[in-house]
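One structure below.
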Amino acid sequence: MINITLPDGSVREYKKGVTAFEVASSISEGLARNVLSARVNDRIVEISTPIQTDSSLRLFTWDDEEGKKAFWHSSAHILAQTLEFFYPSVKLTIGPAIENGFYYDVDLGDEHISDKDFQKIEKKFLEFAREKAEFKLKEVSKADALAMYAKQGNQFKVELIENLNDGEITFCDHSNFTDLCRGGHLPNTGLVKAVKITSIAGAYWRGDENKPQLTRVYGISFPKAKLLEEYLVMLEEAKRRDHRKIGKELELFTFSEKVGMGLPLWLPKGAELRSRLEEFLKKAQIKAGYQPVITPHIGHKDLYVCSGHYDKYGEDSFQPIKTPKEGEEFLLKPMNCPHHCEIYKSKPRSYKDLPVRFAEFGTVYRYEQSGELHGLTRVRGFTQDDAHLFVRPDQIIEEFKKVIDLVKYVFASLGFEDYEAQISLRDKNNPDKYIGSDENWEKAESAIIKAAAEKDLKTTVVYGEAAFYGPKLDFMVRDALKRKWQLGTIQVDYNLPERFELEYMGSDNQKHRPIMIHRAPFGSMERFVAILTEHCEGKFPLWLAPEQFAILSISDKYLAQAEKTLLLLRENGLRGYIDDRAEKIGRKIRDTELQKIPFMLIIGEKEEESNTVSVRKQGHGDLGSKTPEEFVELINSEINEMISAF
RNA sequence: GCCGAUGUAGCUCAGCGGUAGAGCACUUCCUUGGUAAGGAAGAGGUCACGGGUUCAAUUCCCGUCAUUGGCUCCA
């Protein structure tokens, strides 16, 4: 008999060789039906894998990441089987599960797949799935495995196997298909009930552009047809919310070939929205003790040589501009921090002055690869809501916590409720990647972890993701469609103070080196506005909306009354306009709804007589009539509900 | 940067080896209408750009540029 420890801590006794599936069956019939994958101690296994020793066991279903992973990874096998069916000479490489589905990279030789082939692939895929073929893991000797793929001329698999040790090489069989595989599969193919081939793309072998290019087939699969339908609806929804589409419809921003790719032009309404966001943050930052600074758009090359950015990112910057006479080289500013370091250095600092917090909405330019540009989320010129805090070692935790407070405030005011903190620490096995002493790293890492814990942040820790100069905390936000975005970031930096020889006079009358904290709650204004637009589908929070109301006159007889009302509302700090077109009221309402203006005020004979407005709320219809004063009150109270003082 | 797809009116898109199409938007006129599209007329395009094939190219081929889905990168 062996003891199996379950996640709740309970220990059950089973006979040796029991499988995860049998354990699930012994717990409940429902669990047995739904279990897809399992983890024995630290190893992901098939639920049919016999367990030989005392172990801890965790069972995964579709609702767990690991369950989905097994599901999608198994689907990748079926996809490979299907591709092999249609393209017998195909060379298989790798086929992992990803966040939303799976892919398989194949070398098709002279063959081509196009999106016209998707349907037939899906059809055959499901035929294979319905065979309910069991996934069976078997061990193969290195020699046999190499021989098999060498015979097929599959240099990719040969390369993979060469990097594995004999004795740990496994293949997974199902039906008449076999593939090199570490494991973590469903019990059989029959659980996959629905599949969609989503796209096709080129991908380099091992992600290296000098290696051969493979064809990557992306797909997603589900245990129920209904889930696929829901997924497709979600994709449609994402398309509807695409900030590039809404940005065009609501006239927020545009691009011009003449101006240059990746260089956004903010239209009046977008600029209105953005400056409102900036004002909002500036106000909170002043309260939090930040000092605004302003720095130029270009900087001497030596500045970035000093900061190390030139060495590391010179290739990714716009190339230096030379002064005509002296031949001095200047770079378009790719970062604000070097400038802020120089501001710090502009006078001697005492330990009593610290922390010093410099904030700037600094526009930076980076030469992003052309293929990577995307709407406002990836551009070549963008504005960071940047700030750099220069702190003493003993202040790190406190300052970090304050920054977390600020970020939380920003998110709460904008309707982002679902987020977690990702703490990126160094990879201790790879010390060469990082600069700074072990002691400092230790301190900074524990400071971040402690600060996050004290601020009740939901956190995940990833090792090896830290920047070379220090650990960081990124805010990962889920939007209304549950998509994950990285927004705010807080980073600890030992590197720049060193390079710029920043100092402060300590209480001991000795010079000390401050530590820098970089932070940006929005990240970049461009990216943030894009994400916010998709999150709220262009229906911006009332306090941010470029126009808060539109006055719709029943006919032009009431335009004078409309003007009077507009003036009064504007005097009360509200933003709006009159739709004075010679259109019927139904038409005006429709157009205003589509423009996502939060409130519509209808003015006709009745309203003119009683000096009221008939209020309609975007998406909610008629709210009845109110006096203009009541309407001001309504808007203000809605805003106050959402956004409190920092 | 690399691989694939796309590029037709301000927008969304149809079309095609033989004089360029629709809906919306726009302009003008009519309509002054009470809670999601009133009516009519008009204007608007070197079919991304440059080459080639052809009697003839927006259409077929090549190149460039841009957009886009990925890959790589992301201070």
Side-chain angles (χ1 to χ4, degrees), chain A residues 98 103 105 112-116 198-218 242 244-245 248-249 251 254-262 304 307-317 333-338 364 366-375 377-380 382 384 386 467-470 472 486 489 491 493 495-496 518 520 523-524 527 552-559 580-595 600-607 614-625:
Chain A
I98 52 177
Y103 66 77
D105 280 351
H112 286 279
I113 301 182
S114 88
D115 44 13
K116 289 161 199 82
T198 46
S199 73
I200 190 154
Y204 300 107
W205 170 237
R206 306 223 136 165
D208 181 343
E209 58 184 291
N210 300 312
K211 301 231 162 106
Q213 180 136 21
L214 308 170
T215 302
R216 176 169 297 180
V217 182
Y218 283 90
D242 191 316
R244 291 168 301 181
K245 178 170 134 65
K248 201 175 268 178
E249 285 166 359
E251 297 181 9
T254 189
F255 289 90
S256 146
E257 280 187 32
K258 256 195 186 125
V259 171
M261 55 161 103
Y304 306 107
S307 70
H309 290 114
Y310 188 78
D311 218 29
K312 204 161 165 58
Y313 297 108
E315 297 272 301
D316 304 319
S317 301
K333 175 165 74 176
M335 283 299 287
N336 299 303
C337 22
V364 297
R366 296 178 184 177
Y367 176 74
E368 303 287 357
Q369 297 190 70
S370 59
E372 196 50 50
L373 301 173
H374 178 95
T377 56
R378 195 70 189 271
V379 287
R380 285 180 168 173
F382 57 98
Q384 296 178 314
D386 216 352
F468 72 92
Y469 51 74
K472 60 177 183 172
Q486 184 204 313
T489 179
Q491 314 184 354
D493 183 358
N495 178 42
L496 284 182
H518 308 240
S524 98
R527 187 178 151 80
L552 316 184
S553 53
I554 295 289
S555 83
D556 55 17
K557 283 188 223 152
Y558 313 105
L559 281 180
D580 58 1
R581 294 174 303 164
E583 293 291 349
K584 290 189 172 180
I585 195 65
R587 175 55 179 276
K588 291 187 182 182
I589 288 169
R590 178 184 156 80
D591 290 349
T592 315
E593 285 280 349
L594 292 178
Q595 278 295 304
M600 278 157 267
L601 306 178
I602 295 168
I603 292 186
E605 190 182 0
K606 205 174 78 198
E607 288 76 18
S614 173
V615 180
R616 259 188 85 98
K617 187 169 176 172
Q618 208 269 341
H620 292 80
D622 200 349
L623 298 187
S625 68

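The sequence lines fix the lettering, A, B, ..., with proteins before strands; numbering per chain opens at 1. This one's a predicted model, so the numbers in the text were calculated from it and none came from an experiment.
For the P atom pair drawn from B/C29 and B/U19, the interatomic distance equals 37 Å after rounding to whole Å. For the P atoms, the distance linking B/A14 with B/A9 amounts to 12 Å, nearest Å. As rounded to the nearest Å, B/C16 and B/U67 have P atoms that lie 28 Å from one another. Spacing of C1' atoms, B/U8 relative to B/A41, comes out at 25 Å, to the nearest Å. When the P atom is used for both B/C24 and B/G38, the distance is 11 Å, rounded to whole Å. A gap of 31 Å separates the P atoms of B/U46 and B/C2, to the nearest Å. On the P atoms, B/U58 is 32 Å away from B/C26, given to the nearest whole Å. Nucleotides B/C60 and B/U53 are separated by 8 Å at their C1' atoms, to the nearest Å.
Atom CE of A/Met335 is separated from atom CZ of A/Arg366 by 5.5 Å, given to the nearest 0.5 angstrom. To the nearest 0.5 Å, atom CE of residue A/Met261 and atom CD of residue A/Glu257 are 9.0 Å apart. Put simply, CG on A/Leu552 and CE on A/Met600 are 7.0 Å apart, with the number rounded to the nearest 0.5 Å. From A/Glu593, atom CD reaches atom NZ of A/Lys617 across 11.5 Å, with rounding to the nearest 0.5 Å.
Listed nucleotides B/U67, B/C73, B/U32 differ in distance to A/Met261; the shortest reach to its side chain belongs to B/U67.
Looking at A/Asp622 and A/Arg616, no side-chain N of the basic residue comes within less than 4.0 Å of a carboxylate O on the acidic one, giving no salt bridge.
Taking atom CZ of residue A/Arg581 and atom P of nucleotide B/C30, one finds them 19 Å apart after rounding to whole Å. Note: CG (A/Leu373) to C1' (B/C2) measures 15 Å, nearest angstrom. As a whole-Å value, the separation of A/Tyr313 OH from B/C73 P is 12 Å. Spacing between atom CG of A/Asp556 and atom C1' of B/U32 amounts to 6 Å, rounded to whole angstrom units. When the C1' atom of B/A75 is taken as reference, atom CD of A/Glu368 falls 10 Å away, rounded to whole Å. Following rounding to the nearest Å, A/Phe255 (CZ) and B/C11 (P) show an atom-to-atom distance of 15 Å. Atom CG in A/Asp316 sits about 11 Å away from atom P in B/C73, given to the nearest Å. When rounded to the nearest whole Å, the span between NZ of A/Lys588 and C1' of B/G34 equals 11 Å.
Remark: A/Arg244 is in phosphate contact with B/G69, judged by side-chain N or O atoms under 4.0 Å from OP1 or OP2. Between A/Ser370 and B/G1, a side-chain N or O to OP1/OP2 separation shorter than 4.0 Å is present. Contact annotation: A/Tyr218 reaches the phosphate of B/C71 (side-chain N/O to OP1 or OP2, under 4.0 Å).
Side-chain N/O atoms of A/Arg216 and base N/O atoms of B/C3 include no donor-acceptor pair closer than 3.5 Å. Between the side chain of A/Tyr204 and the base of B/C2, at least one donor-acceptor pair of N or O atoms lies under 3.5 Å.
Tested against A/Ser614, the residues A/Leu623, A/Leu601, A/Ile602, A/Ile603 include a single side-chain contact (heavy atoms from CB on, under 4.5 Å) partner, A/Ile602.
Position along RNA chain B of the nearest nucleotide to A/Glu605 versus A/Arg366 favours A/Glu605 as the more 5'-ward residue. Summary of the strand contacts: A/Tyr469 and A/Lys248 both lie near RNA chain B, and taking for each the nucleotide with the nearest heavy atom, the more 5' one is attributed to A/Lys248.
Using a 4.0 Å heavy-atom distance criterion, A/Gln369 is classed as a base contact. Counting any heavy atom pair closer than 4.0 Å across all strands shown, A/Met335 reaches a base atom. As judged by a 4.0 angstrom heavy-atom cut-off over every strand, A/His374 is placed among residues touching the sugar-phosphate backbone only.
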Per-nucleotide protein contact string for nucleotides 35-44 of chain B, where B marks a base within reach and S marks sugar-phosphate only (heavy atoms under 4.0 Å, - for neither): BBBB------
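Looking at heavy atoms from C-beta onward, A/Thr215 lies in side-chain contact with A/Ile200 at the 4.5 angstrom threshold. Proximity of A/Arg206 to A/Tyr204: side-chain heavy atoms (C-beta onward) are nowhere separated by under 4.5 Å.
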For RNA chain B, the dot-bracket pattern of Watson-Crick and G-U pairs whose distances stay under 3.5 Å, | for other-strand partners: (((((((..((((....[..)))).(((((.......))))).....(((((..]....))))))))))))....
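No donor-acceptor pair closer than 3.5 Å links the side chain of A/Asp556 to the backbone N or O of A/Leu559. A/Arg380 contributes a side-chain N or O that, together with a main-chain N or O of A/Glu368, makes up a donor-acceptor pair within less than 3.5 Å. Here the side chain of A/Gln491 pairs no donor or acceptor atom with the backbone of A/His518 at under 3.5 angstrom. No donor-acceptor pair under 3.5 Å is formed between the side chain of A/Arg590 and the backbone N or O of A/Ile585.
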Give each protein N/O atom lying under 3.5 Å from an N/O atom of nucleotides 46-51 of chain B, with the pair distance.
none

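With 3.5 Å as the limit, one finds a donor-acceptor pair spanning the side chains of A/Lys588 and A/Ser553.
Under a cutoff of 6.0 Å and an axis angle of 45°, A/Lys312 and A/Phe468 form a cation-pi pair.
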